[in-house]
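In what follows, a structure is listed as structure tokens, so that the remarks can point back to it.
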Amino acid sequence: MSTLSNDVVNITKSAESNATDPSIWASQLSATLSSAGISLPSVAAAHILVAHVCCGSGNAPIAWKLLEKASSLRIVPPSLVLALLSTRVIPSRRTSPVAYRLYLELVKRYAFSLPSLINRPNYAEIMDSINSSLNLSEIFGLQSREPGILVVGFVLATLWYLLDASLDDEGLLEITSEKKSRWPTESHDMEIDSHGSFDEKRTERHEAMCKMNTLMAIELIAEFFRNKLTSRILHLARRNMSKQCECCFEHLKLLSVKSLALRTSKNISPETLMQLTSDAHRLLSREGKTSSHRTFHAVMACPGLCHGTSHSTRWLPIDLFLEDIMDGSQVVATSAAETLTDLVKALQKINQTSWQDTFLGLWVSVLRLVQRERDSSEGPVPRLDTCLCLLLSITTLATLNLIEDDESSLLNEIDTNPFAQKSEKQTVGKRCQDLISSLQQLDDYDGLLTPPLPVSSVANQAAAKAMMSLSGVTVGSGYFDGVSLNDMPVNCSGNLRHLIVEACIARNILDTSAYLWPGYVKGRTNPLPHSLSNQMPGWSSLVTGSPLTQPIVSALTSSPAPSLAELEKIYEISLNGSDDERISAATIICGASLYRGWNIQEHTVLFITRLLSPPIPADYSGAESHLIGYAPFLNVLLVGISGVDCVQIFSLHGLVPQLAGALMPICEVFGSCPQNVTGSLPAGEEISPHAVFSNAFTLLLKLWRFDQPPIKHEDEDLAPIGSQLTPEFLLLVRNCQLASSAHSSKSKCKIKRLSRLASPATEPIFMDDFPKLKYWYRQHLACIASPLSGLGPGKLHQIVDALLNMIFRKSNRSGQSVTTSSSSNSSISVSDDASPHLRLPAWEILEAVPFVLDASLTALTHGRLSPRELATGLKDLADFLPASLAAIVSYFSAEVTRGLWKPALMNGSDWPSPAANLSMVEQQIKKILAATGVDVPSLPLGGSYPAIIPLPLAALVSLTITYKLERSSERFLNLVGPALSNLATSCPWPCMPILAALWAQKVRRWSDFLVFNASRTVFHHNKDAVVQLLRVCFSSTLGLNGSLVTSNGGVGSLLGHGYGSHLSGGISPVAPGILYLRVHRAVRNVMFMMEEIVSLLMHSVEDISNSGLPTQKLEKPKKTKHGMKYGHISLATSMTRVKLAASLAASLGWITGGMNLVNGLIKETLPSWFISTPGCESDRGELGGMVLMLKGYALAYFAVLSGMFAWGVDSSSPTSKWRPKVVLAHMEFLASALDGRISLGCNKCTWKAYVSGFICLMVACTPTWMQEVDVEVLKRVSKGLKQWNEEELGLALLGISGVEAVGAAAEMIIENQL
């Protein structure tokens, strides 16, 4: 190398001294390099020449000319020359302004000639040398040294050098956050010959040249953003290397605002430079090459334009989600507010709407739910409180999540950019302002704001509070305690918007300035009286320190706490008060504050969960568990939260795993205690371990479908499809929540909202911590899986016989015997000796119950026991130990599935008869299903018709009918009821109608509810009926009637307006969407359902496209101001309906099978569809082509939206961890199909539309997804798109895929001149 250096320097010096023509010198240099075996452009020669120019020649003009000639002829790489000069010339720009000017001229000439750089054979070598010269890897923290990303670093570094040099020239560098440049731009003298040609004395001419250089450098900076290639590369870097670029763009803003030189430029203004540097849309610009798909991309990118469909259809998935979680039979482990947050973010992205419109759509959807439920049929499950919980608690919390996400991201951005302009800081809270605008806009929806009658007084109080506040009256927390509206000094009428606003104020989303909104307060204020009559003790009494007397306890239990402060006061009493005070506080906190305290409900459920795990007293030294001493207190809590809708409230707030974790220790401890009195309530009622255990155990069982075995899936990449909650799963979720709350910044943010008193649990727990519970659970699963084994002699045998004697003592005394199978030859008589066997821990009794039931059914079939005696005996067993209902349900459910018992004849003599109501039930079922087109099996009614059901089912039905509908038995019926309904549904027709008829005779006001439940059985036994129901859902939503598009459709057609005989003087058809949401959980083959949904989506596209236009009158497509038109069909109009169909399909698929089914859709169902579906090369002209394209776009919209629902648009959702594998698998499928490794069966037009639409939507809506995919796979997809003349889309794909894809994206920009 030293020989080469000497040769190059000698040739150069000779040329300089002889004033040789640069072209001749270049030929000599080229020959010298060739003889040395060095290919051109030469990296080594570049280093030699730059060193000679800057150090050896003293910056002689001839030396610069020679260097420029070598660069222009590509003897040396121009980009490398610029990199080498940057580190030498820029630091000496003040002492050598002429050299700096010549450097700037080279930058102007060669910095933008990037295509010639990447097309050189030694491209990688050149970039490696540039990297070494500029220290790009170190300064930018680049993990990869591939040439493409180094090109990005070179462009950014060149810009940054000029930028910091310009700032330094004007004295602005010192006011940056770093106070100095990360590049060597500080001035120091170059090693030059003092007798050189440059006059570098500090003259006025010298200063003028420095100023001209600064101005030229600034104009070059602007040119970097004007140039098509470098501007896109810089925006590419800014998007994917934000941390590395942050300081550079901070300096750019400073230059735009503070530079005096910039203001003297005739070529660029500060405003123009600011606009150029902030124009982030260039990377994804669709300008440039044309494409046959361009119009479709435009339509897909503008879903906010609704042609012929209502605004509300955009938010259809929210309506379906809210209606689905209203189903009280389903318990989920995650918070509904979190799921709703992710859903809203997904829809805002896919609809490309403003946040004001998004919030408005959310409020309108949940208000529609309230209106559907305001007059719903009465049943065993109250729905209105749950519905209002969704409106005022869950939706408000979701809104709070969205606002906090926005504000935290903006604050983080501003905190890391101390030179952000004031206008940027003012953008904090923009999403909150959009929320305010949406709530103000709600005033236009009077019909949706009418409150249900039970809460109209609460709404009036909210309006009165606002009016009194505006009148200058200080309204304290307890001002309305015990006060009638007639006594208030106001005359006003409130609506649901007033309740929404109060819920937002309670969570600090809004403040009382909302009372000043136009039209918010409507009414008048009367003179304020000195005293209010009828004032009763209330929350204000608690705040002032009044003791918890019985009147105050009753008042506080019946009215919710007005704010968190009052609730915290009660919580503190429940922790630190006397025994009686703690019991009173527990009664209060489980009252109206839990069920109707929507403004504080998230705190209430958390407080109750914490109270169920009381701390060990400091002075406790007993050997038994400290929980024994808390028995009366715990029992009050357990009874207070045992209501059927209470479990749903905990479920909606995502506290089921934590509640389960609190209940398991109680079950373990009290289930292991013998039956002795452990305490008493203030009223004198004694509390036994069996009572506490039964209340805790039955509540625990409601948290999962205990009567059915868990379903597993063998594919490790997919979570179990159709899986149900199990105790192990609940504990796993609980422990994961605890772990994430300790590390996740998002969880920490949510913890800050909670009360200071609600200290979170910290220790994980496992099933092995509860051996008794674990043993029972294993026995329970064994009972479901196989018949009981023989019962040998021993303690368990004695317990079984003692239980049989206790519950069937009357039968034994009358001469009939009920025995276990092992003692069938002799009857055991009732004696006092049997009672000690029943003073046992509950776990031991539960172990014996299945054997008792087996012996009972055996005695019944052999005639030793009558059905009435069986029902009475089972009731006695349940009264003795209510927890035994769990064993009764699981045993009878298992026996029904085994089918070993002789059926029971419901004839009215042995078993109760349904004949009085059965005909009515059948007719009402037909009315309910009238709109679906599904055939209802006829019941051959008449005197000879045998109403037959399985014997275990008959026994269970008879047991439930013996209960009286009262508060004390409600919590136990709520355990048996859902299991009984599921069991009857799984039995052959007409078991469920018979059950409905029997219960309708007992509780006539539940008739509509029971009949509706029975109607669902039609779909459970007929797969084709479910498909037909889905078909009606699509046609109703899309407004399709045969082949015609009607003006109907949308949310109203899909979900209707409630159901019940009160609506129209008789029971009416139920909307198809409501039916499907109540049916889908019973469909076991969810993969089949997804395949049918895909098929129906394709048929819907055909119906949309073909309706209203005869194929023989097709015209060529025309372009109009509204987009493309095929004959009389507007493409935008058709696309809007297609997207509605895809939105419906994605919603139904996600709701049916959750994330697991979506994973299967993306990994298996869609690839199989594209491979196996025959491509129909239709000869139907342009319309046929449009149909095929629309099918592809429908599938793309369907796939992306399904993924957004399941995984979220970002990484904040817990389910997002499943996303990378699934998305990678699908992208590999796309890549393999694009490069010909997989043969497809579908039509090519459909395939192209799908791929381009899928990528287009991910670029616009889910860029985070692509950052989780292997870059090599993305490169293959991008290459395939290029073959379709979709270079821009391929670039956009790489442009969103993170820093690892930046190099490939930059090379694509340069290669294709994009």
Side-chain angles (χ1 to χ4, degrees), residues 280-281 284 297-322 339-369 395-396 398-407 409-410 427 429-445 448 500 509 1037 1049-1051 1122-1123 1132-1133 1135-1144 1146-1147 1150 1193 1196-1198 1200-1205 1208-1210 1212 1253 1256-1264:
H281 79 275
L284 304 180
H297 290 167
V299 174
M300 292 295 289
C302 300
L305 301 176
C306 291
H307 300 273
T309 59
S310 69
H311 176 278
S312 62
T313 57
R314 300 181 194 176
W315 316 108
L316 175 63
I318 297 179
D319 289 87
L320 289 169
F321 168 74
L322 293 173
T339 306
L340 185 58
T341 300
D342 292 333
L343 179 59
V344 172
K345 288 196 289 189
L347 292 175
Q348 191 273 335
K349 285 286 188 181
I350 203 76
N351 290 328
Q352 296 185 2
T353 52
S354 68
W355 276 104
Q356 178 179 339
D357 286 342
T358 302
F359 284 128
L360 180 63
L362 172 62
W363 293 120
V364 168
S365 291
V366 70
L367 286 170
R368 278 198 296 259
L369 173 70
T395 304
T396 311
T399 302
L400 180 57
N401 290 339
L402 294 168
I403 291 174
E404 285 185 345
D405 286 347
D406 176 56
E407 294 187 349
S409 62
L410 289 173
T427 62
K430 173 64 169 60
R431 198 174 291 181
C432 185
Q433 184 57 51
D434 289 335
L435 170 66
I436 292 173
S437 299
S438 72
L439 289 173
Q440 291 173 338
Q441 198 173 345
L442 270 184
D443 197 37
D444 299 333
Y445 294 80
L448 293 177
I500 294 172
I509 302 175
T1037 305
V1051 179
H1122 299 295
T1133 301
M1135 194 65 222
T1136 299
R1137 290 188 177 274
V1138 166
K1139 287 185 288 186
L1140 175 58
S1143 175
L1144 174 63
S1147 303
W1150 172 57
Y1193 280 98
Y1197 200 84
F1198 167 58
V1200 173
L1201 198 54
S1202 295
M1204 293 170 78
F1205 291 164
V1209 296
D1210 49 35
S1212 62
C1256 185
L1257 284 171
M1258 284 199 299
V1259 167
C1261 304
T1262 60
T1264 305

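What you see is a predicted model, and the numbers here were worked out from it, not measured in a lab.
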(request) Considering non-hydrogen atoms only, spot the tightest contact between Leu448 and Leu367 and give its length. (result) O-CD2, 3.8 Å
(request) Compare every heavy atom of Met1135 with every heavy atom of Tyr1193, then report the nearest pair and how far apart it is. (result) CB-CE, 3.7 Å
(message) For the CG atom of Asn401 and the NZ atom of Lys345, what is their distance to the nearest 0.5 Å?
(response) 8.0 Å
(request) Enter the distance from Thr313:OG1 to Leu1144:CG here, rounded to the nearest 0.5 Å. (result) 11.0 Å
(message) Quick check for you: to the nearest 0.5 Å, what is the distance between Asp434 atom CG and Leu402 atom CG?
(response) 11.5 Å
(request) Go through the structure and list residues passing ring pair (Phe, Tyr, Trp, His ring centres under 6.0 Å) with Trp1150, not counting sequence neighbours. (result) Phe321, Phe1205
(request) Among residues two or more places apart or on two chains, list those pairs meeting salt bridge (Lys or Arg N to Asp or Glu O under 4.0 Å) that have a residue in residues 350-369. (result) Asp319-Arg368
(request) Could you list the residues that satisfy side-chain hydrogen bond (donor to acceptor under 3.5 Å, both in side chains) with Gln441, not counting sequence neighbours? (result) Gln356
(message) Under the side chain to side chain contact (heavy atoms under 4.5 Å, CB included) test against Trp315, which residue among Asn351, Val1051, Leu320 passes?
(response) Asn351
(message) Which heavy atom of Lys430 sits nearest to which heavy atom of Asp406, and what is that distance?
(response) N-OD2, 4.2 Å
(request) Would you please indicate yes or no on a ring centroid separation below 6.0 angstrom for Trp363 and Phe359? (result) no
(request) Could you tell me the separation between the CG atom of Leu347 and the CG atom of Leu362, rounded to the nearest 0.5 Å? (result) 9.5 Å
(request) Grab the two heavy atoms, one from Val1209 and one from Ala346, that are nearest each other, plus how far apart they are. (result) CG1-CA, 3.6 Å
(request) Evaluate the criterion side-chain contact (heavy atoms from CB on, under 4.5 Å) for residue pair Leu442 and Val364; output intermediate values, then yes/no. (result) CA-CA 8 Å; Leu442 270 184; Val364 168; 4.3 Å; yes
(request) Taking Ser1143 for its side chain and Lys1139 for its backbone only, find out whether a donor-acceptor pair lies under 3.5 Å. (result) no
(message) Please find the pair of heavy atoms, one from Ile318 and one from Ser365, that lie closest to each other, and give the distance.
(response) CG2-CB, 3.6 Å
(message) Just verifying a value: how many Å separate Tyr1197 OH and Leu1257 CG, rounded to the nearest 0.5 Å?
(response) 7.5 Å
(request) Give the minimum heavy-atom separation between Ile509 and Cys432, together with the two atoms involved. (result) O-SG, 3.6 Å
(request) Taking the side chain as every heavy atom from C-beta outward, state whether Thr1262 and Lys349 have any pair of such atoms under 4.5 Å apart. (result) no
(message) If I take atom OG1 from residue Thr395 and atom CG from residue Leu369, how far apart are they, to the nearest 0.5 angstrom?
(response) 8.5 Å
